Amino acid sequence: MVCVLGEERAVCIIQDLSAATAGAKSTLLLPASTTVQDLFQTVGKIFQYDPESFELILQRTSDTESVILNEHKEKTIVAVGVNFEPGTRNTIIITNMPTAPRCKVVPVSVDGEDDMQLGASASPTAITDYAHPPPAPPPPPPAVGSAEYSYATALIKHNTGYVGLVNQAMTCYLNSLLQALYMTPEFRNALYKWEFDGTEAEAVKSIPYQLQKLFLNLQTSSKSAVETTELTRSFGWDSGEAWQQHDIQELCRVMFDALEQKFKHTDQADLIQRLYEGKMIDYVKCLECGTEKSREDTFLDIPLPVRPFGSSVAYGSVEEALRAFVQPETLDGNNQYYCEKCNKKCDAHKGLKFSKFPYLLTLHLKRFDFDYNTLHRIKLNDKVVFLETLNLNSVIECPGSKEDSDGIPEESVVKCDDSSTTDSGSALDDESCQGTETVLSTQDADYQEDDEGIDMNNTPNHHENEKNQRHAMEKGPYIYELFSIMVHSGSASGGHYYAYIKDFKKGDWFCFNDQSVSRITYDDIKKTYGGGPMRSYYSGAYSSSTNAYMLMYRQIDKQRNCEAMTVDEFPAHIKDLLQKMQKREESDRILREKEMDMCKIKLYAHYPTKRQMVEAKLYCASDVTLQEATGMAHRCLRLEGVVPLERCRLVNYDRLQDTIECSFEGRENDPISEILSSLRGYDLLLEIRREDAEFEVYQPGGVATKVFVVDLETEEVDGPTTVRGNLSQTVAEFKVTLAKALHLDPKTMKVVLEKYSSEPKLLDNDDKTLKFEGFYGSNKVFVASSCDDDPEKPFVISKLHKIISRFEHIISLQVVLPYSRKELLEKLRISVLNFDVNRNSSRNAKLTEESSTNEELASGGGGGGDGASALCIMSPACSGNPLRDSSPQPPGDTEEEGIGATGHSDQSASEDSSLTDSDRTLVGDAPDDGLPPLSSSSRSSPGSDRHNISSPEEANTVAYNSYPREQTENWDDEENDTASATTRSTNYYFKAVPYTDNDNQKMLKVLVDKRMFLGTLKKDLEPYIGVPVEYFKIYRLKSGQQEFECARLTENLGSYRDDEKLIVRLDRVLKKDEHRGKVFQLLPNSPEPIKFLCDWILSKGMTVGEVKKEILEEIKRKYSIDIPYERCRLRKKSWKNPAEIYLNDQRFEQDISLFPNWEMFLQELPEPEKITSSNQLVLFVRRWCPANLELKAFEEVLLDESTVMELKTKLSNLSGIPAEYVEFAKGQGSFPCEMSVLGIHTELGWNTETATLDNWPPGIFEDGHVILYRDSREELKQLSSEERKEIANREGSRVNRLGIIASTRKERTLKIYLDMSHRRNDDAEVD
C-alpha cells in the first residue's frame, strides 16, 4: 500500500474469530487508495494466514449491513463502504472460508517462545509453508456474555446444533442443570429406556415423563429454545416459583431425590445410585492401639471448601481441596477420644476417606460463606484451578489396605501429606494406595497451568485417541474427564447461572446460557477459575464475580462410556412419544397461524355517558368487512342502547396527537385486513357523530392546525379553533377551508404559520402546497384580514407580526369547573365570593408589548392607567352579565366534590363524545355573546353555528420544549413562598371564556401566558370558580385519564401542553391541627371484609362521638347506609387489621393520637356497645370444627383481666364446650386471618402454657386479634386423596378470592412436590 500525501485514512479494527487465540485484534490505519486485495495481504501477514484461506466481513457503519470482502477484491475500501469520518472505527471480522479449511502460516520462532496452539501438534513438523499447510480446525466463536465477543457473536450466527431453554423468570439455575443432564449420554439413554404407563392426567404430574419430553425437544426441535413450564408444573410449582432464585447444587439434590421416588419399582430404580452415588467412610482411629471405628455413608456430590476454615488463603486447585477434604482431624487434649480397647481417652484421628467414587462425579465448590464480622453472606471469588483430567486414585481407600490393630506410624502419614493443614498426616495417604501419577502441588499447578489445556479440537478421533493414550498411562480405575462446568456470575445476594458443557462425541465445548447456545474457547474456561484483582477478605458481600461453582466429571471407562441415542436408536415408546409431540406441535402451529391471521386492533372511543376516552382490544378475522368490524367494535365497547350503530364508524386514529388520520368512505365492504395494511400503523377510533350532524371526510395526509384569529384593531386573539387541512393542498385551497370554518373572506385573508424556534412565516404564495411550506402533524396558524394598517409595510415590521410575536408564550387550556352547590360549600365550610369579574380580576386580556416587573406592579405601574378601566376579560360579564349562573345546577352526581381528591370521585373530567374542546367554545351557551367580532363584514353574528369544523379527535396537543424568559422575570428566588406565588409574576396575559358543553358541564376556555405561576393562574381562576383560591385544587389529566394534582404554586406553566385539559375540584385546605384520613367499613363475616367509605378530616379536640355522628350522616346521604348511633363503633385501622376501639367520650390528640393520612374502621354491632373502658380487651373468635372441617362465623368476646383462664371461660360460655377442653390458637396473617382448612388443625400453635394473653405465645395485647378455638375431644376428619384434592382446589379459590397473600420471604425453600393434592404436607414433597 502506498499512501498519497494528504490522503484520507480510516481506522479499521481487525478481529480474528477463527484463530486459536480467538478474539485477537489488530488496529490498522488504511489510506483511501487501499484495495481490498491489499487489505487481504496485510491481514494475512499480521495474523500469519494464507490470504486465500480466510474470509473478511466488513460491518458498515452507514447502514449496519455486512459485506463479504472476498467478493470485492478488485475494489478500493472506499467503494465497499469503509467510513473515513473522523472518530469512526470500522470493524472487520476474520472468519473461516465456508468451503475450505483455513491455512495457517507458522513462522519459525526466533526467541524460542512459541505460542501454544490448542488442538495442533506441538512437534516441529507443524512448521510448514503455504504449499503444505497443516489442517488446523478453527476454534469456535466465544460464548455470549464475554464482553469482547458480544458484537461478533451478534454479527455472525453459528449453527451449534443445540437448543436453548427459555428462562421463565429466574430459572437459570434449572436450565443449566437440565442442559448438563441432557448432555450426559448415560443419563439421557437411561431416561429414554424408562416407559410411562399412566393416564393423561397423571402424565402432567410425572417428572420423568415431562423430562423425557423436554429432552426430546432439545434433541429434535428446530426452535432455538424450548420452554420448561411443563416440567416445572410436574414439580408442583406455580408461577411464583419462577421468580425465586435457588442454588443449583440444592436443585440437583432435590431433583435426584424426586427422580428416585418416581423410579421406584421400575427398571430404572437404581439410576441415580448407579450413575452418581459414591461411598465414603466416616472413621475414628485410636493413635495408640490403632483400633478404628467406621461407618460407611453414600454421597451424590462432594462439597469442597474454597478456603480452609478461618483462613484467608484459598486452596489453589481442586486436587488440593480434595486432599484437604480427606485430611483427618486430630482429637487430642480436652477433645481426646475414649477408646474402648485402651479403656481410656486417647489421641485419635477422625476423618473421611473415599471407598468408591461414582461413575459421574459432581464437585461442589463452596463459594458462598458467612462473614461473622460483617454479618453478611459473602461469595469467595478466589482462584481455584481444575484440570480436564482428574486422577483420584491417590485419595481412595484401596481394597485390602485397611490397617490392622497395630496402626501405621505417624511419620508415614506426615510424609505423604504435602498439603497438610494440621499437625498430623492423613491415614489415607499411604503410598501403597496411590497411582503412579503424582498430583501437582499448588505451586506446580500454577506453574504448569498453561499446559493443562481443555482440548478444543473438533476431530472426534483425535479426541478419543489422546484421551485413551492419557488413560493408558494412568494406573487405577478412577481417572475422570471434565465435561460440565456450572458457572455463577454475581454475588452472594444474587446472580446468574449458565453452563459450559462438553460434547463427548466431538470434543467441542459450548456455553448454554438460557436461550443462547454458543461455542467457547479454552480462554473462556480459564476465566471460570476465579481470582482477578485482589480484594479484601470481607468485601465479598459487595463484590460480584464470575467463576465455576459446580464441576461434573465422567469416569474414563471404555466399557461404560457411551454416546447418546440417535433418533433411529430410540425405543419404540420414545418414538411413539416423539410422534405424538410432533402432531401436537403441528396442531399448535396451525392454531398459531390462525391466530396470526386474526387482526388485532387497538380500539378507542369517546364514550358518551362516561365522558372519557375508553380503549379496548378487538380481534376479528382478516376477511371481516369494515362494516362488520364496526358492528363488532360497537358491541365490544358495549354501546348497545347508548348510541345507535348508524351513528358510528371506524376511522384511522393517532392516539398521541389525538387526531383522525383518515376515514374510509366507500370501503365498507373491503376486508379489514386490506384496510389495516394500507395504514401507517395507527389505531382505530370508533367515531360517534351527533344526531344532527354528518360525518366529515378525512383524506390521508391530513394535518390538524390550531387556528387563532387576530383582530388588528383591538389586538385581541381569538381561538384556538381546530381546522383540518391536507399536506397536498395549496395555500389557496387551505384559505378556502379556513374561510368556510371561520366565516372569513379568503380573498383578503392573511395566513401566518408559526414554527418552533423560528420567525412567523407569512404564506403569501398561494400556489405552494402546505407540505412545501413546512406543515407537519400539528401546527399553529394565525389568521387576520390584513397585516397592517399600511398595506405597503413589510410583514416583519407589521402590526400582525408584533402581535404574533407577543403571542409566542400563549397556550390554550380547557378548564373543567366544579359544581358548587350551596349545601356542599356549607359542608366544606367554604365561603362564597360575590364580586364581579370586571372589578376583581388582575389580568389584562390585551397582549401588551412589555411586561411589568413585580416591583412595578407593587407600585401601581406596569398597566398604564387604571387597571379597572383597562380590564377586558372575554366573558359574559363583559356585557353586564353576572359571573355565576344563579339558576339551578343541571342534574348530575355532585356528591363527591370536595370530599377529597383521592381517586374516589364519580365525576368525570373527560372530553365530550361529539365535540372538540374548540368546538365547545363555538356551540356553548356563552362564548359568542362575549366575543367582539373581528369585522362586521367577515364574522358571523353572535350565536351562529360555526362548529362543523372537525371531529373530536382533532384536538391536537402541542408540547413546547423551551421557554425564553424576560430579564425582569425573577421568579425562582422565593421557591418556598407559596403565599406570594399569586402576585410575583405580573401582567401576564390571561383570557377566560366560560361555556357549557353538551353534557351540561361548565367549562372555561383559557388563553394564558405559560410563564405565569400556577399560583397566579389559580388567583385568576378564582372569580370564575366562585370560591377563594385556598378552597380548590387543579388537576392535570395524564395518560389513561389519571388525575395528578398540581401542587407547586411557584411552578410556571411551561410544561403544560397547548389545549390541555385541567380539572378543578373543591377541596378544603387543612387548617392547623387538622388531618385528612380515610374511613373504612369493617364487615368481619362478609366476603369483602374491608370496604372504603369516604375521606374525612379530623381536628384536634373533636370527640369520637361527634366524629361518628357526622360520618353516619354522610354515609346515609351518600350510600343510603343507615346504622344506628348506639350500635356502631370507631376503631383504629392498622394496615388491614382492626385494632384499638375508640370510646365516644375520647378526644382526638388528647386521648387518641392523630397523624396525617390516618385510617379508621366504622364497625356495625349486633347490639349496643358493651365496652366501657380502654383497659378492656375485645377479640374476634371463630370456632374450628375438625370433625367436619368447618370454621364458624366471627364472634366477639370482651375480657376484663386478659388472662388465658378468662378467655377459656368466655369461649366455654359462648360454645358450651367445658373450659378444660377448650383449646385456642392465634390466627396467622392479616385480618381476617384466612387459611386453608387443611392446615388449621396442624399448622397453628394450639397449646398455650402462659397464664396471661400478653405473654408470648400468643402475644395478644391489643383489641382486634383473631382467636380460633376448638374442642380438644373432637377428632380430625380423615380424608381420601380425592376429597383432599377437591378441598384443596376449593380452598385455593376461596383464599385467592379474598386476596390473602402470604408474607414475602427473602428466600423460599426449594421443594419438588410429588403429589399435587398434598402440596403442603411434609410427606408429599422433596426438599
Side-chain angles (χ1 to χ4, degrees), residues 658 706-708 710 715-720 722 754-760 778-782 802-816 841-854 857 862 873-874 917-918 921 955-972 975 978 981-993 1004-1022 1024 1029 1034-1038 1044-1064:
D658 193 21
K706 293 183 182 300
V707 183
F708 296 85
V710 182
E715 298 188 11
E716 292 291 338
V717 179
D718 180 33
T722 303
E754 182 186 83
K755 304 182 69 175
Y756 294 127
S757 303
S758 63
E759 281 286 310
S778 58
N779 312 272
K780 183 183 287 188
V781 169
F782 295 87
K802 291 182 180 179
I803 296 174
I804 294 174
S805 298
R806 293 198 298 267
F807 206 81
E808 175 186 359
H809 301 291
I810 306 302
I811 57 174
S812 63
L813 300 173
Q814 302 297 330
V815 181
V816 181
S841 179
S842 60
R843 284 293 158 266
N844 192 338
K846 180 178 290 189
L847 285 168
T848 57
E849 189 165 356
E850 296 180 359
S851 297
S852 300
T853 64
N854 299 336
L857 183 65
I873 293 184
M874 306 314 301
D917 293 334
S918 50
T921 305
N956 276 338
T957 56
V958 180
Y960 293 81
N961 298 320
S962 61
Y963 311 102
R965 294 180 174 179
E966 304 280 339
Q967 292 182 357
T968 57
E969 298 167 8
N970 301 319
W971 299 339
D972 298 327
E975 184 72 23
T978 58
T982 60
T983 60
R984 291 208 312 267
S985 58
T986 60
N987 210 34
Y988 286 135
Y989 183 82
F990 176 88
K991 174 182 175 181
V993 180
L1004 272 183
K1005 184 175 76 170
V1006 176
L1007 292 178
V1008 65
D1009 194 312
K1010 61 190 175 186
R1011 296 171 295 179
M1012 180 186 289
F1013 282 141
L1014 175 64
T1016 309
L1017 175 65
K1018 289 189 67 175
K1019 193 67 178 176
D1020 288 338
L1021 291 176
E1022 186 182 65
Y1024 298 92
V1029 69
I1034 296 178
Y1035 294 84
R1036 297 178 72 178
L1037 271 180
K1038 299 292 186 179
F1044 293 87
E1045 181 185 352
C1046 307
R1048 297 188 61 189
L1049 298 181
T1050 56
E1051 187 176 51
N1052 64 27
L1053 308 180
S1055 64
Y1056 287 54
R1057 302 185 308 273
D1058 202 13
D1059 210 25
E1060 183 171 350
K1061 178 173 288 186
L1062 303 181
I1063 299 174
V1064 176

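Given the structure is predicted, the values throughout are model-derived calculations rather than measurements. Residue numbers run from 1 in the order of the sequence given.
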Specify the closest pair of heavy atoms between [X] and [Y], including all atoms of both residues, with the distance to one decimal.
X       : Y       : answer
Leu1049 : Phe1013 : O-CB, 3.6 Å
Pro720  : Lys706  : CB-CB, 4.0 Å
Ile810  : Lys780  : O-NZ, 3.4 Å
Asn1052 : Arg1011 : CB-O, 3.6 Å
Asp718  : Lys1005 : OD1-NZ, 4.0 Å
Leu1014 : Cys1046 : CD2-O, 3.4 Å

Exercise. So how far is it from Gln814 CD to Leu1004 CG, rounded to the nearest 0.5 Å?
Worked result: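 Going from CD on Gln814 over to CG on Leu1004, the span is 9.0 Å.
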
Problem set entry | Inter-residue atom distance Lys1010.NZ - Leu813.CG, 0.5 Å rounding |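 Spacing of NZ (Lys1010) from CG (Leu813) equals 11.5 Å.
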
Problem set entry | Test log, rule side-chain contact (heavy atoms from CB on, under 4.5 Å), inputs Tyr988 and Thr1016 | CA-CA 9 Å; Tyr988 286 135; Thr1016 309; over 6 Å; no

Considering only heavy atoms from C-beta outward, does the side chain of [X] approach that of [Y] to under 4.5 Å?
X       : Y       : result
Phe807  : Val710  : no
Phe990  : Leu1021 : yes
Arg1036 : Leu1062 : yes
His809  : Leu1053 : no

For this session: Look only at the side chain of Lys991 and the backbone of Val717, and say whether a donor-acceptor pair between them is shorter than 3.5 Å.
Result: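 Confirmed, Lys991 side chain pairs with Val717 backbone.
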
Exercise. How far apart are the C-alpha atoms of Leu1007 and Phe708, what are their side-chain angles, what is the distance that settles it, and do they pass the side-chain contact (heavy atoms from CB on, under 4.5 Å) test?
Worked result: CA-CA 11 Å; Leu1007 292 178; Phe708 296 85; 4.1 Å; yes

